[in-house]
Amino acid sequence: MTAGWDAIAAAAGPAGSAAGGTRPTNWNPVAADTRPARSVAGGTRPTNWDAIVAGAGPAGSVAALCLARAGHRVLLLDPQAPRPPGPRPRDPRPGHPLRPRGAGPYRIGETLPPAARPLLRDLGLLAGLDADGHLTCTGTDAAWGSEELYGRGHVMDPHGHGWHLDRVRFDAFLRGAAEDAGARPMCGVAVRRTGRPGAWRLVVRERGVERELACAWLVDSTGRRAVIGRQGAVRLRQDRLVAAYALLTGPVPADQDLRTLVEAAPEGWWYTARVPAGRLVAHLTDLDLVDPRLRTAAGFLERAAGTRHVRTRLDGYAAGRVPDPRWAPAHGQRLAPPAGPGWVAAGDAALACDPLSSQGILTALHTGARAAAAVDGCLRGDAGALAAYRAFVDGIAARYLALHARAYADEVRWVSSPFWARRRPATAALPGVLTPG
């Protein structure tokens, strides 16, 4: 959300490329599904699936999409029920797709920066995204290190504008693209893996019943839980950051500001953004520092009203219709290593970013595409594919951690506040702290 964070996107490089490198050999994520799925180790197929992708968020859906287009048999494990066969229903108004049935409440994680445009174009998804009813994001205003706002717009960005997404709709769009490419959806939650590389058995729970599925490769896109990856790696955690957020439904006619607004506060920071369903307001702080008043709608709005800038974006919204805030983990986290024999992690399972960076979805898309390239390379006999993926993720993580430290060091107004003192360079912990599991 602040100006320096766009450098993280540059570290990711173009779609399917390593930072500063070239695309993996023989890899085209847009290629039609014309090549036969390859057997493992050159022999007969010993498993039902070349790859099972656990988790159908942005990273998982993109990984499944790319693997299916490369000709592999892919199962996409989705905690939500898969859509029925046939065309996806659309709202009769142009540019207003229907929200997926049973989609549930609003999901936080709405900002997609302009740097995502080349990847989406390479994947053949850009036109569909632009037609799907999301809002333009024209830049960021921030009161960070000062009471005054400073802004950075996208007018001069070589990639154009960004987006404020309806995440439920966006995730459904990516899942649908993966299914259309040939990935088979299945409703279920990954529990654990057993077996060995090349002959995994993934234990899946659906409606309280567990079953085992056989596959050659596993893609862990289960979020910060890293259900599969944590069996062969450790999760390194930065802090205890959490987000309390509420959606003010609307929007109201007077609210035409399409910039994200970020405002630092003594106990953490706030941000607000226009989204298709209204206006999102979020407060970020550490779990042990949460003000109990934030747990109710009245208390949350009272705290928001105490800000200098965020409160000005809330004018006209009906306070009586605001539900109690929802909560989500927001801490930075990385998996070390992000891949091993027979498995790769993507999205938040590999690297979860502090929301201040606005890089979470972008990182998910890039790691999903690159995880698919790594699995495809290994299935086709490329001995260096897995090491290249580890280097790719580690490079993004190193850049992210450096910019994270720099951004928090820029705020010096509340050096004695526990939230900010923990993030001072002289007292901050190492970039990651080992957590159980």
Side-chain angles (χ1 to χ4, degrees), residues 1-3 5-6 58 91 93-99 103 105-117 129-144 149-155 157 159-173 243-264 269-284 297 300-301 303-305 307-323 325-326 328 330 355-362:
M1 295 173 186
T2 57
W5 292 98
D6 286 345
D91 191 290
R93 298 170 296 166
H96 290 78
L98 290 173
R99 175 169 288 228
Y106 182 86
R107 285 196 61 191
I108 198 171
E110 69 293 324
T111 301
L112 186 60
R117 192 175 296 272
L129 173 67
D130 282 336
D132 222 10
H134 304 288
L135 289 184
T136 295
C137 174
T138 58
T140 300
D141 290 329
W144 194 273
L149 283 178
Y150 65 88
R152 183 175 187 272
H154 294 160
V155 174
D157 193 300
H159 301 304
H161 66 75
W163 296 267
H164 283 154
L165 303 171
D166 178 325
R167 268 299 300 280
V168 174
R169 186 184 301 166
F170 178 69
D171 289 4
F173 165 68
Y245 64 97
L247 177 67
L248 282 60
T249 55
V252 298
D255 187 7
Q256 299 298 318
D257 198 322
L258 298 180
R259 291 192 175 208
T260 300
L261 190 152
V262 181
E263 182 173 355
W269 54 277
W270 292 80
Y271 86 90
T272 182
R274 267 288 312 276
V275 292
R279 177 162 288 278
L280 179 72
V281 187
H283 178 64
L284 287 291
F300 183 86
L301 292 176
R303 293 297 306 277
T307 62
R308 178 176 178 179
H309 301 288
V310 168
R311 63 183 175 85
T312 65
R313 302 283 178 93
L314 312 185
D315 293 341
Y317 287 91
R321 297 192 304 174
V322 178
R326 297 177 61 84
L356 186 65
S357 70
S358 294
Q359 300 295 313
I361 304 176
L362 178 64

Without swapping roles, check the side chain of Thr136 against the backbone of Thr138 for a donor-acceptor pair under 3.5 Å. no
So, for Gly162 and Pro114, which heavy atoms are closest and what is the spacing to 0.1 Å? N-CG, 3.6 Å
Measuring centre to centre across the rings, with the benzene-like ring taken for any Trp, is Tyr271 within less than 6.0 Å of Trp144? no
Would you indicate whether the side-chain heavy atoms of Tyr317 and Val322 approach each other to under 4.5 Å? no
State whether the side chain of Glu110 and the backbone N or O of Ile108 hold a donor-acceptor pair below 3.5 Å, judged by distance alone. no
Nearest heavy-atom pair of Ala304 and Leu314: which atoms, and what distance? CB-CD1, 4.1 Å
If you define the side chain from C-beta out and look only at heavy atoms, does anything of Thr111 sit under 4.5 Å from Thr260? yes
Distance col, row Leu284:CG vs Trp269:CH2, nearest 0.5 angstrom, shows 4.0 Å
Side chain to side chain donor-acceptor pair (under 3.5 Å) assessment of Thr272 paired with His309: CA-CA 10 Å; Thr272 182; His309 301 288; over 6 Å; no
Charged N to carboxylate O below 4.0 Å: is that the case for Asp132 and Arg169? no
Answer yes or no: is there a side-chain heavy-atom contact under 4.5 Å between Thr307 and Glu263? yes
Please say which of Leu112, Ile361, Val275 ends up in a side-chain contact (heavy atoms from CB on, under 4.5 Å) with Arg167. Ile361
Approximate separation, where rounding is to 0.5 Å, of Arg311 CZ and Leu261 CG: 12.0 Å
Using a strict threshold of under 4.0 Å (side-chain N to carboxylate O), is an ion pair present between Asp171 and Arg107? yes
Over all atoms of both residues, closest heavy-atom pair of Gly133 and Pro276: O-CG, 3.8 Å
Could you tell me the separation between the CZ atom of Arg259 and the CG atom of Asp141, rounded to the nearest 0.5 Å? 5.0 Å
Would you say the side chain of Pro113 lies within less than 4.5 Å of the side chain of His159, judging by non-hydrogen atoms? no
Indicate yes or no: at least one non-hydrogen side-chain atom of Arg313 is less than 4.5 angstrom from one of Leu248. no
Taken to the nearest 0.5 Å, the spacing of Leu165 CG from Leu129 CG works out to 6.5 Å
Basic-acidic side-chain contact under 4.0 Å: Asp255, Arg279: yes
Which distance, rounded to the nearest 0.5 Å, do you find between the CG of Leu258 and the NE2 of His164? 8.0 Å
Is the Trp163-His134 ring centre distance short of 6.0 angstrom? no
Heavy atoms only: give me the nearest Ala243-Ala330 pair and the separation to one decimal. N-CB, 4.2 Å
Using a 4.5 Å cut-off on heavy atoms from C-beta on, say whether the side chain of Tyr245 contacts that of Pro325. no
